[in-house]
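Below: one structure, written as structure tokens.
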Amino acid sequence: ESSTVKIEIEADSLICEDDWVSAKDLAKIDREAKTSVLKVEQYPVIAFRSSGMRLIGADRFEVDGKLEIRGRSEASRVLLTMKRTSADELRFDGESVVALKTYGIKPPSVAFGVVGTKNEMDLSFRIVARRN
């Protein structure tokens, strides 16, 4: 609980895993998300810096902090699960919901508005830490 977390992600590395759209539309969504929504050329990094962490269950934590997207930093909460996968490895699975409008981002749409995105985006990540 006294730990701190700082994560920096290359914005251009994010992947949309929606499985309900065609491959063609998924490519359009990815392009729109990176160029118009995230503006990866101008804001290449998405960052999270923790300010507090609470144990809420066996190996489960709530991590509060600031999430920076497109240069705008806002309060955010991440649910984090820690699992020892071997004697030399820990896995951290995290999830959070991000309201795009909080960051001044208009939810994107493609195909003349036929395919759109809601304001709340479900984000998930996995970090694996291995001992050298």
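None of these values were measured; they are calculated from a predicted model.
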Item to check | Asp88 and Arg130: CA distance, side-chain angles, deciding distance, salt bridge (Lys or Arg N to Asp or Glu O under 4.0 Å) verdict | outcome: CA-CA 6 Å; Asp88 295 325; Arg130 293 183 184 102; over 6 Å; no

Checklist entry - Stepwise, does the side-chain contact (heavy atoms from CB on, under 4.5 Å) test hold for Thr85 with Val128? => result CA-CA 9 Å; Thr85 53; Val128 178; 5.5 Å; no

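A salt bridge is defined here as a Lys NZ or Arg NE, NH1 or NH2 lying under 4.0 Å from an Asp or Glu carboxylate O, and Glu74 with Arg72 meets this definition.
Val45 and Ile105 are members of different hydrophobic clusters when ILVMFWY side chains are connected at heavy-atom separations under 4.5 Å.
When atom types are taken as modelled, the side chain of Ser96 and the backbone of Arg77 share a donor-acceptor pair closer than 3.5 angstrom. Under a 3.5 Å cut-off, the side chain of Tyr103 and the backbone N or O of Leu67 do form a donor-acceptor pair. The closest donor-acceptor contact from the side chain of Lys66 to the backbone of Arg49 lies at 3.5 Å or more, if one exists at all. Checking side-chain atoms of Arg54 against main-chain N and O of Asp64 turns up no donor-acceptor pair under 3.5 Å.
Between Phe92 and Ala129, the closest heavy-atom pair is CE1-CB, 4.4 Å. Residues Phe125 and Glu95 come closest through the heavy atom pair CE2-N, 4.3 Å. Closest of all the heavy-atom pairs between Val40 and Asp12 is CG1-N, 3.8 Å. Counting all heavy atoms, side chain and backbone alike, Ile9 lies closest to Ser13 at CG2-OG, 3.7 Å.
With Ile69 as the partner, the side chain to side chain contact (heavy atoms under 4.5 Å, CB included) test is satisfied by one option alone out of Leu100, Thr102, Leu38, Val37: Leu38.
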